[in-house]
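Start at 1 and go down the list; that is how both ligands and their atoms are numbered. All residue numbers in this chain count up from 1 along the given sequence. Quantities reported herein were computed from a predicted structural model and do not represent experimental measurements.
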Amino acid sequence: MHPAEELENIAKRHGFQVSEEQFAKHMDSVDPIAHLRHEFHYPKMSDVAHTDLSLVRNDEDCVYFCGNSLGLCPKATRKYVEMELDKWAKTGVQGHLRGELPWAFCDEKIDDTMATIVGGKPGEVVLMNGLTVNLHLMMISFYQPTKDRFKIMCEGKAFPSDHYAFESQIKLHGFDPASSIVLINPREGETTLRTEDILAKIEEEGQTVALICLSGVQYYTGQYFDIPTITKAGHKQGCFVGWDLAHAVGNVPLSLHDWGVDFACWCTYKYLASGAGGIGGAFLHEKHKDNQFPKLLGWWGHKMDTRFVMDNVMDLSPGIYGYRISNPAGLLCATLKASFEVFKKTSMEQLRAKSKLLTGYLEMMIEKEFGEENNKTGVKIHIFTPKDPEQRGAQLSLSFSIGIKDIFKELCKRGVICDERLPRVIRISPCPMYCSFHDVFRFIIYLKDSIIAAKNTAVNGC
Ligand SMILES: *Cc1c(COP(=O)(O)O)cnc(C)c1O
């Protein structure tokens with residue numbers, strides 16, 4: 001059942017209209033994970049930049065729809081960080097082996113939770129570096145171009161960092177990016193990719209492709225790709241298939257092991273709320289545990305029991321543990337642990353169930369207010385994220401019929417925090433972990449007011 005239908009049913013059963021405020025409040029009152037919002041510091045109107053306190057109440061929560069860019073700060077983060085600072089202050093180097101997160105193994109203390117969230121087996125997942133660095137490290141192994149098979153296939157509008165990583169890896173091996181990157185683009189007049197077109201492209205070009213590397217959830221369109229089907233199709237053509245899960249991890253349930261994905265990388269500061277520049281994650285499938293692929297080595301890849309013998313004879317840890325290079329940052333593991341403690345109070349399945357309804361509600365409200373029929377603002381909004389809930393996560397990407405610069409400014413005045421992509425696109429992501437149905441309700445009002453205010457400014461400005 002599409003969430004829209006489910007929402008209509010719930011409204012009918014309780015005698016509400018989906019569009020009335022009481023319905024949003026009802027949905028929050030029956031949301032089994034509504035209380036998790038209080039595990040986070042939710043920014044107040046008075047604290048966020050650019051709010052106009054003549055338009056909103058200063059003690060009210062802002063509308064935070066930017067968890068796809070930077071997750072909110074869990075309240076427990078301060079405690080976990082302070083524990084590490086205390087330990088350092090009191091015991092110096094001994095902190096490597098003491099406390100809840102002994103720094104020498106602080107990543108290993110939490111990588112099982114990480115593995116659960118991405119559907120990896122223990123030992124298939126590590127925490128290290130940042131996302132783009134991990135992508136490079138995995139490509140050192142999985143992008144080994146030959147005369148006949150030298151291409152990297154990715155989506156046409158891949159995230160810039162990924163695109164630069166692909167280009168530089170290609171150049172590193174002496175190939176030409178212009179002829180070595182295969183871009184998968186949408187059909188004329190469409191914005192998202194059809195799975196059938198991705199599969200056709202793989203079948204058509206696969207024989208010359210060394211590596212297929214797409215994002216799990218596309219940062220711009222919010223499209224959630226069919227990871228198992230695409231992975232299988234790539235393997236059939238003899239390609240390696242890796243995934244950038246920056247926008248997928250903590251957003252949608254993943255089963256990386258069962259899907260047979262070769263490798264994956266992600267950051268943890270988006271839906272996983274570890275704080276800006278948080279420690280990155282990487283997955284290497286068990287089938288590659290004893291691979292002899294080229295890799296870049298450091299002392300942290302050495303087996304633990306003999307690492308500190310320091311005889312300069314590498315005895316490499318198997319699997320993804322062998323890819324670790326430097327000693328991990330205790331402070332970064334502390335912030336991620338704080339977030340994991342909240343994730344442990346729910347499950348990806350429960351988050352996903354709420355997310356489908358929450359984003360479905362947002363979609364319905366936008367269609368009701370800014371679709372063809374009831375639109376009183378004269379500004380049309382087109383949602384170009386797939387309508388199928390299985391093909392998207394929390395995020396919706398909105399394209400406006402007019403430039404959004406002034407509308408976005410007006411949204412900021414009303415304490416709506418989201419992402420602007422000039423000239424006409426706004427990306428919004430109600431994160432199921434801490435956003436409510438009432439946030440969506442308030443967003444719609446603020447958006448309507450913002451459009452009207454922006455149009456008035458435009459008229460007065462002429
Ligand atoms: C957020 C994001 C990044 C950011 O990379 P960092 O190395 O963490 O700075 C890269 N790729 C994608 C697809 C992203 O969404």
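Heavy-atom minimum distance, Leu272 versus Leu336: O-CD1, 4.3 Å. Across every non-hydrogen atom of Pro253 and Glu349, the tightest pair is CB-OE2, 3.9 Å.
The closest protein non-hydrogen atom to atom 14 (C) of ligand 1 is Lys270 NZ, 2.9 Å. Closest to atom 12 (C) of ligand 1, if we only count protein heavy atoms, is Phe159 CG, 3.3 Å.
Annotation: Ser215 places no N or O atom under 3.5 Å from an N or O atom of ligand 1; distance criterion only. The distance criterion of under 3.5 Å between nitrogen or oxygen atoms is not met by Tyr219 with respect to ligand 1.
Contact atoms of ligand 1 toward Asp244: 11 (N), 12 (C), 13 (C) (distance under 4.0 Å to a heavy atom of the residue). Every atom of ligand 1 with a heavy atom of His247 under 4.0 Å away is listed here by number and element: 15 (O). Short contacts between ligand 1 and Asp162, defined as distances under 4.0 Å to a heavy atom of the residue, involve ligand atoms 10 (C), 11 (N), 12 (C), 13 (C). Those atoms of ligand 1 that come under 4.0 Å of a heavy atom in Thr132, given as number and element, are 5 (O), 6 (P), 7 (O). If you number the atoms of ligand 1 from 1 as listed, the ones under 4.0 Å from a heavy atom of Tyr269 come out as 1 (C), 4 (C), 5 (O), 6 (P), 8 (O), 9 (O). Within ligand 1, the atoms closer than 4.0 Å to a non-hydrogen atom of Ala246 are 2 (C), 12 (C), 14 (C), 15 (O), numbered from 1 in the order shown.
Cation-pi contact between Arg307 and Trp300: present, with separation from the ring centre below 6.0 Å and deviation from the ring axis of at most 45°. Remark: Arg37 is positioned above the aromatic ring of Tyr42, its terminal NZ or CZ atom under 6.0 angstrom from the ring centre and at most 45 degrees off the axis. Cation-pi geometry between Lys289 and Tyr323 is not met at under 6.0 angstrom from the ring centre and within 45 degrees of the axis.
At a heavy-atom cutoff of 4.0 Å, ligand 1 is contacted by both the backbone and the side chain of Leu131.
Side-chain atoms of Asn185 never come within 3.5 Å of backbone atoms of Glu155 as a donor-acceptor pair (strictly under, hydrogens ignored).
Of the charged side-chain nitrogens involved, at least one lies within less than 4.0 Å of a carboxylate oxygen, so that Lys356 and Glu390 count as a salt-bridged pair.
Between His288 and Phe293, the angle of the ring planes lies from 30° to 60°, which puts this pair in the tilted group.
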